[in-house]
Amino acid sequence: MKAAVVYGPNDLRIEERPMPQITAADDVLVKIRAVGVCGSDIHMLAGENPFAKFPRVMGHEMVGEVVEFGEGVHDLEPGDHIVIEPITYSGKSYAVRRGMPNVSEDLKVNGVHVDGGQQEYLVIKNIQAHKIRKDIPWTTAVLAEPYTIAGQSSTRGQVGAADRVFIHGAGPIGIALTRICKVKGATVMVSDVVDDKLEFAKASGADVVVNPAKDDIVQAVSEWTDGEMANIVIDAACLPQTFQKSFDLVSVAGTIVVLGMNETPVPIAQKPFMAKQLTVVGSRLQAFQFDPIIRLLEQGVIGDDGLVTHVIPFEKVQEGINLMHEHPEQVKKLVLTFED
Ligand SMILES: NC(=O)c1ccc[n+]([C@@H]2O[C@H](COP(=O)([O-])OP(=O)(O)OC[C@H]3O[C@@H](n4cnc5c(N)ncnc54)[C@H](O)[C@@H]3O)[C@@H](O)[C@H]2O)c1
């Protein structure tokens, strides 16, 4: 079978690899049908992911068809369409006992710590397989993973119908967040420095949009909320300045949700934490979000709706990544597909 293997920074090769084999009772062999390319794949290919060891097959937004499985699997049939949850963990750590397996000390992420979906076949654990209805197009099903990031971060922020939510950034994650926060009934303001992205945010349900390169966003949020400010601020731009600005945008008793992995420190005074009695939470990957997100996709409550802009054969992954570098304004979500 063919696989796209990263051997080191900017060294991606399509090569022949042996078919993966089932070796454990809970193994499932999957024929990969589509893989989404995420910004973090680009960072990894550039050698900027400290968790990754080369050689590695990238791809954590994965969907495919069940081929066969070990004798311990009783809930799947050959031919089932599945979305693959890209994380595994042993189940014994403190994080798991606290209901947060996504930050388990022994967490393994496909495409980062272990091989991912940019290959024709992959063996996963049964617990990673989530069935999805066969009439959902592969290029829509593959959006389940980014939607789970939105499910997780909005859950961490406890977004509800009475809340006014401010989202920094209208990339794929900011757009998924906008749609999920609307499903949860919230009123949403989205910021981005690119006007076209703000147009798409509006088309995706944002009630109000603002461009921080042109407008004072603190004033805009104050006017939008009659001075109350945003009850929940979710940072899907993940820059030092957006993290810092969040403390000025959030209301009393509010929550800031942090998704970024930027390591640049920014000064934050103690007073806003205390005076506003803020909650600041991190959000990493997801826990238990796949099934609810897949149900929303199956019901048509969320979907593609313009998010997938480019679909190419997986062998052309390097060309797709080049396009993402050269024309970021054109590519919202790039999806790699595999022949029958
Ligand atoms: N914690 C997690 O589990 C998790 C998962 C996925 C992605 N992420 C992170 O979330 C972020 C968003 O992911 P994405 O794929 O949408 O990335 P992206 O780069 O496509 O989107 C970021 C958006 O922020 C906008 N932006 C830039 N400066 C801004 C500013 N000052 N104010 C507002 N917007 C600004 C950009 O124009 C862009 O549209 C990335 O940093 C990614 O690493 C975190």
Side-chain angles (χ1 to χ4, degrees), residues 1-4 17-36 38 57-92 96 99 101-102 104 106-149 151-152 285-304 308 314 335-340:
M1 65 147 191
K2 287 200 189 74
R17 280 195 161 184
M19 266 300 268
Q21 302 294 321
I22 290 188
T23 56
D26 62 343
D27 280 353
V28 180
L29 176 66
V30 185
K31 176 174 172 38
I32 301 291
R33 300 303 302 260
V35 177
C38 162
V57 175
M58 299 194 296
H60 56 274
E61 301 174 5
M62 315 173 270
V63 290
E65 233 172 288
V66 173
V67 179
E68 58 180 51
F69 36 79
E71 72 272 13
V73 178
H74 304 294
D75 59 343
L76 295 174
E77 294 292 334
D80 277 348
H81 289 199
I82 58 166
V83 175
I84 301 172
E85 179 167 352
I87 61 171
T88 51
Y89 40 88
S90 77
K92 288 187 176 171
V96 170
N102 50 314
S104 183
D106 58 358
L107 181 79
K108 299 250 183 310
V109 182
N110 287 96
V112 180
H113 308 91
V114 294
D115 283 345
Q118 290 186 11
Q119 52 187 326
E120 289 177 313
Y121 292 87
L122 179 68
V123 168
I124 60 165
K125 292 292 173 193
N126 185 30
I127 198 170
Q128 296 180 267
H130 298 269
K131 275 195 254 189
I132 186 163
R133 251 185 17 227
K134 290 185 179 176
D135 60 315
I136 306 296
W138 293 115
T139 53
T140 300
V142 82
L143 295 174
E145 199 277 344
Y147 271 122
T148 66
I149 303 299
Q152 176 77 8
L285 304 165
Q286 59 73 45
F288 315 115
Q289 295 292 332
F290 272 87
D291 289 324
I293 288 297
I294 289 169
R295 294 296 89 77
L296 290 175
L297 284 168
E298 288 178 334
Q299 291 163 32
V301 176
I302 54 173
D304 174 356
V308 177
F314 110 98
V335 176
L336 311 174
T337 52
F338 296 73
E339 278 175 20
D340 285 343

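Nothing here was measured: the structure is a model prediction, and the numbers come from that model.
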| task | Step by step, work out the salt bridge (Lys or Arg N to Asp or Glu O under 4.0 Å) result for K31 and E120. | result | CA-CA 6 Å; K31 176 174 172 38; E120 289 177 313; 5.8 Å; no
| task | Taking all non-hydrogen atoms of both residues into account, name the closest pair between D26 and K125 and its distance. | result | OD1-NZ, 3.1 Å
| Positive for side chain to side chain contact (heavy atoms under 4.5 Å, CB included) with L107, one of T88, L285, V112 | L285
| query | Is there a side-chain contact between M1 and R17 (heavy atoms, below 4.5 Å)? | reply | yes
| message | Quick check against the 3.5 Å criterion: does N110 have a side-chain atom that pairs as donor or acceptor with the backbone of D115? | response | yes
| field | P146 backbone acceptor or donor facing E61 side chain under 3.5 Å | value | no
| Under the 3.5 angstrom rule, does the side chain of Y147 hit a backbone N or O of V142 as a donor-acceptor pair? | no
| query | Within the distance-only criterion (no hydrogens, no angle test), does the side chain of Q118 pair as donor or acceptor with the backbone N or O of G116 below 3.5 angstrom? | reply | no
| task | Report yes if the side chains of D75 and N126 come closer than 4.5 Å at any heavy-atom pair, otherwise no. | result | yes
| message | Regarding D106 and S90, do their side chains bring together a donor and an acceptor under 3.5 Å, going by distance alone? | response | yes
| query | Do Y89 and V96 touch side chain to side chain, with heavy atoms closer than 4.5 Å? | reply | yes
| Going from CD1 on I294 to CZ on R133, what distance comes out if it is rounded to the nearest 0.5 angstrom? | 11.5 Å
| task | Answer yes or no: is there a side-chain heavy-atom contact under 4.5 Å between F314 and V35? | result | no
| query | Taking side chain as C-beta onward, heavy atoms only, is L143 less than 4.5 Å from D304? | reply | yes
| query | Could you give the distance from OG1 (T140) to CD1 (I132), rounded to the nearest 0.5 Å? | reply | 8.5 Å
| note | Rounded to the nearest 0.5 angstrom, the OH-CD distance for Y121 and Q21 is 12.0 Å
| remark: In this structure, CD1 of I293 is separated from OG1 of T148 (nearest 0.5 Å) by 7.0 Å
| Any idea which heavy atoms bring G303 and L297 closest together, and the distance? | CA-CD2, 4.0 Å
| Donor-acceptor contact below 3.5 Å, side chain R33 vs main chain V63 | no
| query | Do D27 and L29 come close enough that some side-chain heavy atom pair is under 4.5 Å? | reply | no
| Atom of P20, atom of V123 and distance for their closest heavy-atom approach | CB-CG2, 3.7 Å
| field | Test item: side-chain donor near acceptor, Q289 and E85, under 3.5 Å | value | no
| message | Looking at every heavy atom in both W138 and I82, which two are closest together, and how far apart are they? | response | CZ3-O, 4.4 Å
| For the student: nearest non-hydrogen atoms of N102 and Q152, plus distance | ND2-NE2, 3.4 Å
| said: Measuring only between side-chain heavy atoms, which start at C-beta, is E145 closer than 4.5 Å to C38? | reply: no
| request: Return the minimal non-hydrogen interatomic distance between K131 and L76, and the atom names on each side. | output: CG-CD2, 3.9 Å
| request: Mind checking the CD1-CD1 spacing from I124 to I84? Nearest 0.5 Å is all I need. | output: 4.5 Å
| field | Between CZ on residue F338 and CD1 on residue I32, distance to nearest 0.5 Å | value | 6.5 Å
